[in-house]
Each structure stands twice: as structure tokens, then as C-alpha cells.
Amino acid sequence: MAKKIFITKADGETEQFDIQKLISSLEKAQGSKKTVQEVSRNVQGNLRPGMSTDQIYRKAFSALKKLERPVAARYSMKRAILDLGPSGFPFEDFVAEIFRAKGLSVERGKIMQGSCAEHEVDIVASSDKSFAVGEIKFHNDLGLKSDLKVALYVHSRVEDLRKHRIRHGERPIDEGWLITNTSFTRAAIQYAQCAGLKTIGWTYPRYGNLQDLIEETRLHPITCLTSLTQGDKIALMQKGIVLCKSIDENQRALSTAGITGGKLIRALDEGKKLCGI
């Protein structure tokens, strides 16, 4: 019987290492059977009690980069979202682009009147069939979660906006959203389910979560490209380039950021394989 090895999660809790979770994440990143087997063996062979999930991720990512860069980019997506920056604004723009790709009309940072107060709403998404308002919560630490206080606060704002629109005969709000790049506490999920607040996290809900939406729309952040340095990515985001697919149509911006020659070719090639540019 294999020896049980306990590892440390991002939130500080410990759990037994499950090789199947690693295999599933590698398969979801579209790794070939050979790559999945090789990386899994590499990680398992270097596993030590008490290792953090971040250390395990780095070992897997390092092995993947040598085998299949586009797979490594998909596997690193959760960390790539963190690299969008501490301000959270690039993440909000990124989320808006995802919903535009799904055919919704999207507005960002809109000032809306509520029944009791005026609110700046992170995202307003509408179509012929639905009208939704949402709050986008960016966490720059994978161990942080959106908790009950956040869910209460967002739901309260949505209800204030809903009452005003009903009172003044404006188009009613069909859904209130709370979107985060990490996860939610159990209490937040329980409250949101009871109150009718739609919550979207990295792997929550089981279907239609943020990870699913990224793969479905093929809108990957510029930060997932393994062929660019962190400095390259920051320079591009400062020029308003947040999406991987945007690099092909903004080659001049890449050149002014010092991304030329072989590095430019590698970035475009990786972007093509990953995002279909």
C-alpha cells in the first residue's frame, strides 16, 4: 500500500496528496497521455511530506515547459490570473471580454442609481433575454476566499438597484453576480444559493466556472504565455493588452516593449497554439 503523504494547501490547511487530482488538471490542460504520465511520475518521485501545493505546481509546470509549452500555459492559468496585477483592474477587463465573447453587451464601472444610494457597478451584462449586474472580486493570493460578508454586501447592492428599477419602470435585473478568481467560503456559497446570488469562482460551480469560461471562449490572459518574461507582460498590460489573442494584431506594441526577433516569433507561435490567433 502506498504511503500517505500530506501536503499544505494555499489556505494553510493540510490534505492527503491525491495523484488523480494532478492527472485531472494535466488532462484538463490538454496534455498528451505521454506528457501526463511523465509529469505525474516526476512530481510523485519528488514528493515530500509537508510540501505546499505551490511547490508541487512549480515542479509540474517546470516539467511541462520542457515538453509542451501550450499545455504548460493552460496548466498555469490560475497563477496567470494572479499575475494580472494587484490593482485588479486588468482582471475586471478580462472578465468583461469573456462575457462579450459569449454574446453579451457589457459595460464596466457603470454608475447606477439604487433605491437608497448610488452605486458603481463593476460589470453590467445584458442581452435580449437577460440583464445582470455584478461585482468582481480579485484576490492576489490563492489562499484568499470571498466570504459571507462579501456575498451579503453584493446581494444588498443588487437588491437596492433592483428596487429602484422596479419603482421607476426600468428594465428589471434578472441576476446579480459575484465573480472571483479564487474561491468562496462555504458560508458565502450557502448564503448565495439561498438568496439567489450567482457566484462564479475558479472551479465553482462545477460547470460554468471561470476556468470553464476561459477554455470555452479561448480568451487567455497575456500573463499565461511562457515565452514572455514578467517584465514583458507588465509592459504589454500597461499598453492595454490583456488578452493573449491580441498580440498578433498589436505587433508594433510588442516591438516598442522590446519584444522582437526570436522572442516575438516564439510568443506569436505560442499564442497561435494556445489561443488560435
Side-chain angles (χ1 to χ4, degrees), residues 28 73-74 76-112 119-127 129-142 144-147 150-151 153-155 157-158 161 173-184 188-189 192 196-225 233-234 236-247 250 271 274-277:
K28 191 157 189 175
R74 292 189 191 93
S76 70
M77 201 65 65
K78 190 174 184 179
R79 268 81 175 176
I81 297 293
L82 290 184
D83 289 340
L84 285 173
S87 72
F89 293 123
F91 176 62
E92 293 177 8
D93 290 336
F94 176 62
V95 170
E97 290 299 331
I98 286 176
F99 286 104
R100 287 190 183 104
K102 288 183 67 64
L104 298 176
S105 175
V106 177
E107 293 180 88
R108 280 263 297 105
K110 184 175 181 179
I111 303 298
M112 297 179 68
H119 305 275
E120 183 176 355
V121 182
D122 287 342
I123 185 169
V124 179
S126 62
S127 69
K129 298 179 180 179
S130 66
F131 185 80
V133 296
E135 188 86 4
I136 300 173
K137 289 297 179 185
F138 176 79
H139 296 297
N140 55 18
D141 185 324
L142 292 178
L144 297 177
K145 300 179 180 181
S146 290
D147 59 17
V150 175
Y153 159 72
V154 174
H155 182 248
R157 294 186 73 195
V158 172
L161 292 168
I173 294 172
D174 299 302
E175 284 186 328
W177 295 349
L178 171 56
I179 303 169
T180 185
N181 62 308
T182 56
S183 56
F184 305 96
I189 291 173
L197 178 68
K198 183 175 182 178
T199 48
I200 300 174
W202 182 249
T203 56
Y204 184 87
R206 185 172 182 181
Y207 303 106
N209 52 58
L210 183 58
Q211 188 176 17
D212 288 340
L213 291 172
I214 291 171
E215 288 304 322
E216 178 188 331
T217 57
R218 301 192 74 180
L219 292 183
H220 303 81
I222 192 76
T223 46
C224 74
L225 292 177
K233 296 167 187 177
I234 291 172
L236 292 175
M237 285 190 288
Q238 288 174 341
K239 295 178 182 295
I241 300 174
V242 177
L243 299 177
C244 162
K245 72 169 191 174
S246 301
I247 62 174
N250 289 281
L274 179 63
C275 316
I277 63 174

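Quick caveat, the model's predicted, so the values are computed rather than measured. Scope of the values below: all heavy atoms of this structure, side chains included, with no hydrogens, waters or symmetry mates.
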Should [X] and [Y] count as side-chain neighbours, where that means a heavy-atom distance under 4.5 Å?
X    : Y    : value
T180 : E135 : no
I98  : I214 : yes
M237 : I241 : no
L161 : I173 : yes
K28  : E215 : no
I123 : E107 : no
V242 : L84  : yes
I179 : K137 : no

Which atom of [X] lies closest to which atom of [Y], heavy atoms considered:
X    : Y    : answer
G201 : N209 : O-CB, 3.5 Å
A125 : L104 : CB-CD1, 3.9 Å
C224 : L274 : SG-CD2, 3.3 Å
A151 : L197 : O-CD2, 3.7 Å

- Query: Which is it for C244 and L225 under the side-chain contact (heavy atoms from CB on, under 4.5 Å) test, yes or no, and what are the steps along the way?
  - Reply: CA-CA 7 Å; C244 162; L225 292 177; 3.8 Å; yes
To the nearest 0.5 Å, how far apart are [atom1] in [X] and [atom2] in [Y]?
X    : Y    : atom1 : atom2 : answer
T217 : K245 : OG1   : NZ    : 8.5 Å
R218 : H220 : CZ    : NE2   : 7.0 Å
D212 : T203 : CG    : OG1   : 9.5 Å
I81  : L210 : CD1   : CG    : 6.0 Å

Without swapping roles, check the side chain of [X] against the backbone of [Y] for a donor-acceptor pair under 3.5 Å.
X    : Y    : answer
N250 : I247 : no
S183 : K145 : no
K233 : T223 : yes
S76  : R79  : no
D122 : G109 : no

Are the charged groups of [X] and [Y] less than 4.0 angstrom apart, N to O?
X    : Y    : result
E216 : K102 : yes
D93  : R100 : no
R108 : E92  : yes

- Message: Run the ring pair (Phe, Tyr, Trp, His ring centres under 6.0 Å) test against H119 and tell me which residues pass, sequence neighbours left out.
- Response: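 H119: no ring pair (Phe, Tyr, Trp, His ring centres under 6.0 Å) contacts found.
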- side-chain contact (heavy atoms from CB on, under 4.5 Å) partner of V154, the single match among V133, T199, I136, L178: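 Among V133, T199, I136, L178, the one that satisfies the side-chain contact (heavy atoms from CB on, under 4.5 Å) with V154 is L178.
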- Message: With side-chain contact (heavy atoms from CB on, under 4.5 Å) as the criterion, how do Q211 and K78 come out once you've worked through the C-alpha distance, each side chain's angles and the decisive distance to 0.1 Å?
- Response: CA-CA 8 Å; Q211 188 176 17; K78 190 174 184 179; over 6 Å; no
- Could you tell me whether the side chains of S146 and H139 share a donor-acceptor contact shorter than 3.5 Å? yes
- So F138 and F94, side-chain contact (heavy atoms from CB on, under 4.5 Å) or not? Walk me through it. CA-CA 11 Å; F138 176 79; F94 176 62; over 6 Å; no
- Intermediate values then yes/no, side-chain contact (heavy atoms from CB on, under 4.5 Å), F99 and L213: CA-CA 9 Å; F99 286 104; L213 291 172; 4.2 Å; yes
- Task: Flag the pair W202 / F184 as yes when their ring centroid distance falls below 6.0 Å, and as no otherwise.
- Result: no
